[in-house]
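Before any comments, here is the structure.
Bear in mind that the values here come from a model prediction, so they are computed numbers and not experimental data.
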Amino acid sequence: MAVRVQCVSNIEVSCFSKDASSPSQVFSADLVDISLGGLRMQTNGFLREGQRVFARLNETFAGEEPLRGVVAWSETPDSTPRPLRYGVKFQDPSEEQTEKLKQFLEETLHSRRTRKIKVDRRKLDFFNRWMANLDEEGTDFQFHVADGPPLDKVVYDGKEVIQLCSNNSLGMSVHPKVIAAAKSALDNFGTGCGGSRLISGNLQLLKDLESVISGFLGAEDTVLFMTGYMGNVGAIEAMTNISFLNRKVNMSNVVGIFSDHENHKSIIHGCRLAEIKNHAVMRTYRHLDMDQLENQLRTTHTNRKIIITEGVFSMRGDLAPLKDISTLANKYNALIYLDDSHGLGHMGKSGRGSVEHWGVKNVDVTLGTFSKAFGAAGGFISAQSSLCEYLRLQANTYIFSSALPPATVAGGKEAFKVFDSELNLHKQFWNNVNYFKTKVVDLGFDILGSQSHIIPILIGSEHKAKRIAADLFKSGIFLPAVRYPATAPGKAILRCMLTVKHTTQQIDFVVEELAKLGRREGIIPGV
């Protein structure tokens, strides 16, 4: 075992002439590296190969017997005056010296692994000041650490609590069949695909999952992405790309994007990238305002138009009016791009999502994720086969990312099968959602018109929301406050997410604690 320790330890070296009993010279040297078998040192002194030496590491072996050795090799001197390096091979170190060496090596290795990077904190002054302001504004955040899967009950920071904020709504992440499928893939394929889909990572397993999703949604084809976020950014940027036209940019070839004001941050980032890189004409319409959307569609004179909306909005839990959007898309020859991350597995009679819920037929692109109802990670785009093939060759977040891990893919594929075979999961989930929603509305809480399983309880003040969340945790409920920048300033919420695993008794307890704190803070009327 050798460890690199450059110029941090000083060595006292005693050199002996041939057969001499006393040293011919004594000098100091710098330790370069050391092992149980020998060391390398750097010094201005001159030694020859085979010469006997005693070496004492002053900092570590002070007062100990020196290490005996011989010079095994030396650098060839040249005309440039500089320190030379020598290799010393230890000769018969005692057991005590060997143990000392082992201890020194282990401690040095540990310090190397745990050493802190030295930075000039003045360069980070902006970030230090930004962090210092968070507490005053009530927008700071405490990261609790979970020990266990995201279910109805979880141990956070050593405390078992009822969790009311997990996206693992159907418990798929711990379903025995899903876990078994993931374990089998792990055994057969290992932990990763070894590359992007365009190079070495295109496993049949991934193609099989794409086929399963396409069948689930009734789509021609599906493209997998590492995350839903990457799917939105990559697809929106690629769908607005006009570089292949090789013509002057004008309204006849750029793309018009029409995005709901409350769309997810990933959509916003995709749109901004399209605007900057591809000169897309960006229009943002007021949340759910179909009159403004139509006015923008009518007055924006681009040949191609894309309406982008979420199916279920992730913070408020309200729904996009897909029937009205469908009518406008037909009228103005626009594509519909639907982010249905929160709709798939939840909305619709059979859980096929917002398209099934509204009964529309002309949604062109559907983005979904595995991180909600299907209990894993990853994202996908389902659309016509020509568009999917285009994305495989143009979406940068697909081309330049490794493929999803095999275990995640196999687990996701099995989750879709379980979803279709265990229909009671979908029914029980909605029973819990409707029971909780009725209870909190009856108490007088404002849930911002939620029409879905996402139930936001409006608190308003960031400080109040933070205080309520902390008191809930003390009572055994994990429900973090969602504050700016996830919401508008002064519009903090408690974003409640039920799961199929929650019991009526757990829900009643949560409602009781919310009622106490809501009355105390003046959020709902007193008794």
Interatomic distance, CD1@Ile307 vs CZ@Arg283, rounded to 0.5 Å, equals 14.0 Å
Could you tell me whether Lys491 atom NZ has more than 12 heavy atoms of other residues or ligands within 6.0 Å of it? no
Salt bridge Arg392-Glu389, side-chain N to carboxylate O under 4.0 Å: yes
For residues 371-385, please give each side-chain donor-acceptor pair under 3.5 Å, one per line with the distance, not counting sequence neighbours.
{"unit_1": "Ser371", "atom_1": "OG", "unit_2": "Thr369", "atom_2": "OG1", "d": "3.3"}
{"unit_1": "Ser382", "atom_1": "OG", "unit_2": "Thr222", "atom_2": "OG1", "d": "2.8"}
{"unit_1": "Ser385", "atom_1": "OG", "unit_2": "Glu220", "atom_2": "OE1", "d": "3.2"}

As an exercise, state the distance from CG of Leu203 to CG of Asp208, rounded to the nearest 0.5 Å. 10.0 Å
With sequence neighbours excluded, residues passing salt bridge (charged side-chain N to carboxylate O under 4.0 Å, His left out) with Asp260: none
Using side-chain heavy atoms (C-beta onward) and a distance below 4.5 Å, is Leu293 in contact with Met290? yes
Salt bridge (charged side-chain N to carboxylate O under 4.0 Å, His left out) involving Glu99 - partner list, sequence neighbours excluded: Lys102
Between Asp340 and Thr366, do the side chains contain a donor N or O and an acceptor N or O under 3.5 Å apart? no
Quick one: closest heavy-atom pair of Asn168 and Ser173, and the distance? ND2-OG, 2.8 Å
Under a 3.5 Å threshold, yes or no: a donor from one side chain and an acceptor from the other, between Ser326 and Asn362? yes
Using a strict 4.0 Å threshold on nitrogen-to-oxygen distance, state whether Glu414 and Lys177 make a salt bridge. no
Classify the ring geometry between His453 and His346 as parallel (under 30°), tilted (30 to 60°) or perpendicular (over 60°). tilted
Any side-chain donor near an acceptor of the partner, His269 and Ser266, under 3.5 Å: no
If only side-chain N and O atoms count, and only distance matters, is there a donor-acceptor pair under 3.5 Å linking Ser341 with Asp339? yes
Give every donor-acceptor pair under 3.5 Å between a side-chain atom in residues 438-446 and any protein atom, sequence neighbours left out.
{"unit_1": "Thr438", "atom_1": "OG1", "unit_2": "Asn434", "atom_2": "O", "d": "2.8"}
{"unit_1": "Asp446", "atom_1": "OD1", "unit_2": "Leu448", "atom_2": "N", "d": "2.8"}

With a cut-off of 6.0 Å (strictly less than), are more than 12 heavy atoms of other residues, nucleotides or ligands near CZ of Arg467? yes
Output all residues satisfying salt bridge (charged side-chain N to carboxylate O under 4.0 Å, His left out) with Glu513, sequence neighbours left out; order by chain, then residue number. Lys516
Determine, step by step, whether Phe313 and His287 satisfy the ring pair (Phe, Tyr, Trp, His ring centres under 6.0 Å) criterion, reporting the C-alpha distance in whole Å, the side-chain angles of both residues, the deciding distance to 0.1 Å, and the verdict. CA-CA 10 Å; Phe313 288 89; His287 184 47; 4.6 Å; yes
More than 12 heavy atoms from other groups under 6.0 Å of NZ on Lys464: yes
NZ/Lys183: more than 12 non-hydrogen atoms of other groups inside 6.0 Å: no
Could you tell me the separation between the CE atom of Met497 and the CD1 atom of Ile454, rounded to the nearest 0.5 Å? 5.0 Å
Can you list the residues that meet the ring-ring contact (aromatic ring centres under 6.0 Å, His included) rule with His342, with sequence neighbours excluded? none
